[in-house]
Amino acid sequence: MPPPVRRIQVDREPYVAPPKAAAANGNTAPASLATRLRTARSSSAHVRERMRVDSVWLAYGENWVVRDVTLPVRQGEVLAMIGASGSGKTTLLRSLNRLTEITAGAARSGSITLDGEDIHGLEVNDLRRRVTMVFQQPNPFPMSIFDNVAYALAERPGRGRRRRRSPAIEQAVSEALHRAGLYDEVVGDLERSALRLSGGQQQRLCIARALAAEPEVLLLDEPCSALDPISTATIEELIVELRECVAIVIVTHNLQQAFRVADHVAFMHLGELVEYGTSEQVFDHPAMERTRDYISGAFG
Amino acid sequence: MTSAVELAPASPPGPPAPAPGTPIARAPRERTSAWPLVDRVGYALCWAVGIGLCLIALAIVLFMFFKGIGYMHPSLFVQSPAPSAKQSQSGGFLDPIEGTLIVAAVGIAIAAPLGIALGTWLAEYRRPAWLARAVESAIEIIAGAPSVVLALFGLLIFDQGFLGFLSQTSAGGGVYGRSFLAAGAIMAVLALPLIVGTTREALMRLPDHLREASYALGRTRATTIRRVLHPAIRADIATGTTLGIGRIIGDTAIITILLGLYLDTQGVGNTPVLSTLKGTGSTLTSYIYANSPAGEGSAPQKAYAAAFLLLMIVLALNGIVTWLSGAKMTPTLRGRAFNLLSFEWFPLPWTR
């Protein structure tokens, strides 16, 4: 079903900031976690485009929940999507690894590419191994910590202690746990049930699981909304570190969090992309009135 | 109501913190004397019915205990029943115990894989939708059908000529239609709705994001079901299976019609296991029926003893259900029982 033809008013064009415009004034934040994260960020050497969302429309049944969104997703930086509930940001995120297809009645137009290839031309499970996702609720599988991470690997791991594991899998699992910053906490007993970890540990295990597949893009759907502030800080630092090797897209309702972790911010409202720019631009000098209203708490 | 939690250090001029172990002061219970008469009568009836049920349950157990325990003797567990007019010479109930185990094993071996598969299909696939609805209606019909109806239906099927290999055939080509296999197969139909229901409900209770987390790692639906969803509902599968066993063990009508009213196990042919399965025999229920005053009435004391044993087995199964509901995959006895009843050991090679 083609999208309805509609005339987009000039002032409703999304404001897309020219790149590098505000890279100079990044040191205005107070000395806090944000500063540390931002200093770490300036070291990112090369930024490379991995995914491109091009004039994408998404619908559930008759409702268009994402309207004509165009966005780049780059490796080496974090893209945060902010906006009120119902603004279509989670739907857009889920469409990046075709999870929207599970929902009956979902429709789409426009193209999403991964490294220049249309994702709808890729085998869906290959795509989902290259673009993995972490959810709002920590959802470890009902198996051991080791098996949770090994689950994402292509080969099947041994079951429990009965079958010997290949050294390659052990290596990959410990590497993923290291990258998620969980290794030191769980190395004592990797056979423990993952359900016995704390909430923050469970969520980092989910991140480790998503990283074990060696993805090119990591999607995070409000990964900290069920966690306490300390776990949140741990995961935010992790996100900033990880962006060197994977492109990261994070959906969040927490504007402070978007400000702390994101290099680029996309503000969505009622399915439209209102503004896209670096986080300094969007938070300090928003170009659109709706962005200003949202950031200052006037609505949403 | 004050408690130590409310007395945070932020409010220093409050009362001193109570000593550890001080019971929390509770508000007095609500008095029913202020209620309208109708509500008070209803409240009293709730109490009466609850206490009444407890008394009935207690009476059954105690009655069976005192009736049964007196006639219970260790020799009953090792002697085969013998047809005799004198109770002292009528043997024990070794064969009925065997028969009960065989019927339960055959029934569950058929019902559990089918039930888990069907429940999974109903919860996870349901396509085409009309077929799923039809299957659900069919399961409701089976669940509601009296077991004696199922038994008659089973006899109709199993005395067909082409199913002669499941029971015994006479020289003239007639098929007897009664065997442990026939009884077990119809018992499976009896247990199927329980297993389908628990599997389906448990899967539908799982949050969608658990499935999506697996899909989002590039895993197929079959792998997700086998490695994420089924392990997550193992407690429910174990419960369904145990309830199914309880249902099978307690049924009488299917046994009397599809196994016949015999006392001892009678094999057919010489093949070791198959001869027993193709043959007939008795279970505790049919033994009770045959020996009770309602049946031939030849050994009512034995019937009471067997009834007490059967009641204990069914109560134990209910206990196992409760015991397993909090079990985890641990190498304890409880964890092992849990693994056994939740089919953790069962290999499904096509999703590995």
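A, B, ... follow the sequence lines: proteins, then strands. Residue 1 opens every chain.
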Legend entry - Beyond-backbone contact of F141(A) with S214(B), side-chain heavy atoms, under 4.5 angstrom: yes
Inset, instruction - Taking heavy atoms only and a threshold strictly under 4.5 Å, list by residue number the residues of residues 209-221 of chain A that touch chain B; give 'none' if the list is empty. - result: R209(A), A210(A)
Legend entry - Toward chain B, the part of V131(A) with a non-hydrogen atom under 4.5 Å: backbone
Inset, instruction - Could you list the residues that satisfy salt bridge (Lys or Arg N to Asp or Glu O under 4.0 Å) with D118(A), not counting sequence neighbours? - result: none
For a quick test of your reading: what N or O donor-acceptor pairs under 3.5 Å do the side chains of residues 125-132 of chain B make, sequence neighbours left out?
| residue | atom | partner | partner atom | Å |
| --- | --- | --- | --- | --- |
| R126(B) | NH1 | L122(B) | O | 3.2 |
| R126(B) | NH1 | E136(B) | OE2 | 2.9 |

Inset, instruction - Answer yes or no: is there a donor N or O on one side and an acceptor on the other, between the side chain of R219(B) and the main chain of Y151(A), under 3.5 Å? - result: yes
Inset, instruction - Return the minimal non-hydrogen interatomic distance between V228(B) and P142(A), and the atom names on each side. - result: O-CG, 3.5 Å
Inset, instruction - Report, by ascending residue number, the residues of residues 88-102 of chain A in heavy-atom contact with chain B at a distance under 4.5 Å; give 'none' if the set is empty. - result: R94(A), N97(A), L99(A), I102(A)
Legend entry - Atom pair CZ (F135(A)) and CD (E212(B)), whose distance is rounded to the nearest 0.5 Å: 5.0 Å
Legend entry - Heavy-atom donor-acceptor pair, R128(A) side chain to L217(B) backbone, under 3.5 Å: no
Legend entry - Closest heavy-atom pair and its distance - R129(A), G218(B): NH1-O, 3.1 Å
Inset, instruction - Look up atom CZ in R221(B) and atom CG in N125(A), then write down how far apart they are to the nearest 0.5 Å. - result: 11.5 Å
